[in-house]
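Down below is the structure, laid out as structure tokens.
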Amino acid sequence: MSARPPSAPAVSADGADAPEVQLLVARQPIFDGAGDRAGYELLYRGSATATSASGIDSEHMSAEVLANALAGLGVEAIAEGVPAWLNFPRGMLLTGGWRLFDPRDVVIEVLETVDADREVLEVLASARQAGYRVALDDFVHSPERAPLVAHADLIKVDVLGRTADELDAVRRTLGPYGRPLVAERVEDEPMRRACAALGFELFQGYYFARPETLSRREVPVQQASLIRLLNLLADEAVTDPVVEDAFGADPSLSFKLLRLVNSAQFGGRDIHSIRHAVQLAGRKTLSRWLGVLFVSSLARRGGSGGELVHTAVQRAHLLGSLGAAGGGDAGELFMVGLFSTLEPLLGMPFAQLLRAINVAPGVRAALLERRGEYAAYLALAEAFERGEWDAVRDGSAALGLDPGRLAQLYRESLALATEHLRLARY
């Protein structure tokens, strides 16, 4: 897929500046004795260039990581089929943040700052009864913290700088509890061998891999309402009053809707209500307009983001016209073109984007896999934009289109894109 361009500032649905939301989380793999991945510990990062967490309390760091893993980047995408080890300070243990995750997807990692008080022990017992695994992070045995071991499945030991005798003493202390030991901060081969010889079962540290920071831009809250409306319009079971209520909940969108339906495109009619505007526009037109509004809200005019937005809207009009000329579904082809630049605009893969937006199977196949009936239209538009005339000739012939007609439709799509973006930015 396309490489990510320099980030463009996000804008709100009404065109005003909005802070860009960048989701960041680092992951460091945990390996078993055979060298296979057994999990990823997820770590807080304050910036894309940070190599450690600093200057912020553990509750805030854990909250950021959990939010990004749950609703942003996605724990399944981050951990790639192995459990994600999530750090939990005391407050987040007690509020039950771990319940938001499937027990099969995560390991609850209890931070070393958590005391073994009655409330904590009860929570850990409940979590394990519900099927969650619990690991004790940087565990140092003491009478005060010993009760935690009875409610844990794994014990992590910081091995950095320890001698073989010190590690053997740790093993003899913790071994009777019968919990697998995890060696963390393993930085060289001699330490790995020493820990393996002492019976450690899992390993983590710079010797294997440094934490890798994952990031992407999040869809700002203003755009979430646009996605919700797009999904409502795509659902035939949703009634017009429900759509009306969704518009009515957002004064800015209601104003834009009325301006749209009052435009020359609809004959400048008098509009009596939001329901009247929805009925006059029709669902297909509203879906197109909301799609353009969503895409145009992702970047300023000008700069790489602005160019990607204009390309998306122009390509949408071109593909819609090509579909009408060649017997394809103009509405679905419009969406293929419109969403074709979202991956570089948001810096997130199509697979994640299309989990949020309900699109027809043909649209999904064209964007995700470049296959299906619409993929040839998208490839033809891209070839024309790049000036690859042999590919244009062959692609036009395959779709039964006249290359001269394609050039005319391209010119028309440029003008339509300019007008459509103007309406979207009212």
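Residue numbers start at 1 and run along the sequence shown. As a basis for the values below, the full set of heavy atoms in this structure was taken, side chains included, without hydrogen atoms, waters or symmetry mates.
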Ring centres under 6.0 angstrom apart (F208, F31): yes
Do [X] and [Y] sit within salt-bridge range, that is, some charged N less than 4.0 Å from a carboxylate O?
X    : Y    : value
R37  : D32  : no
E41  : K156 : yes
R179 : D153 : no

Within residues 310-319 or reaching into it, pairs that qualify as salt bridge (charged side-chain N to carboxylate O under 4.0 Å, His left out) - sequence neighbours excluded: R315-E382, R315-E385
Under the salt bridge (Lys or Arg N to Asp or Glu O under 4.0 Å) test, residues paired with R145 that sit two or more places apart: none
Polar contact flag, side-chain donor to acceptor under 3.5 angstrom, Q28-Y40: no
Residues Q408 and R405: side-chain donor-acceptor under 3.5 angstrom: yes
Any S340 side-chain heavy atom under 4.5 Å of L367 side chain: yes
Heavy-atom check, side chain of L333 versus side chain of L378, under 4.5 Å: no
R364 vs E369, salt bridge (Lys or Arg N to Asp or Glu O under 4.0 Å): CA-CA, chis, key distance, verdict: CA-CA 8 Å; R364 183 179 297 273; E369 303 170 28; over 6 Å; no
Parallel, tilted or perpendicular, as decided by the 30° and 60° cut-offs, for the rings of F334 and H317: perpendicular
Parallel, tilted or perpendicular, as decided by the 30° and 60° cut-offs, for the rings of Y132 and W98: perpendicular
Residue from Y377, Y410, Y374 passing side-chain contact (heavy atoms from CB on, under 4.5 Å) with L322: Y377
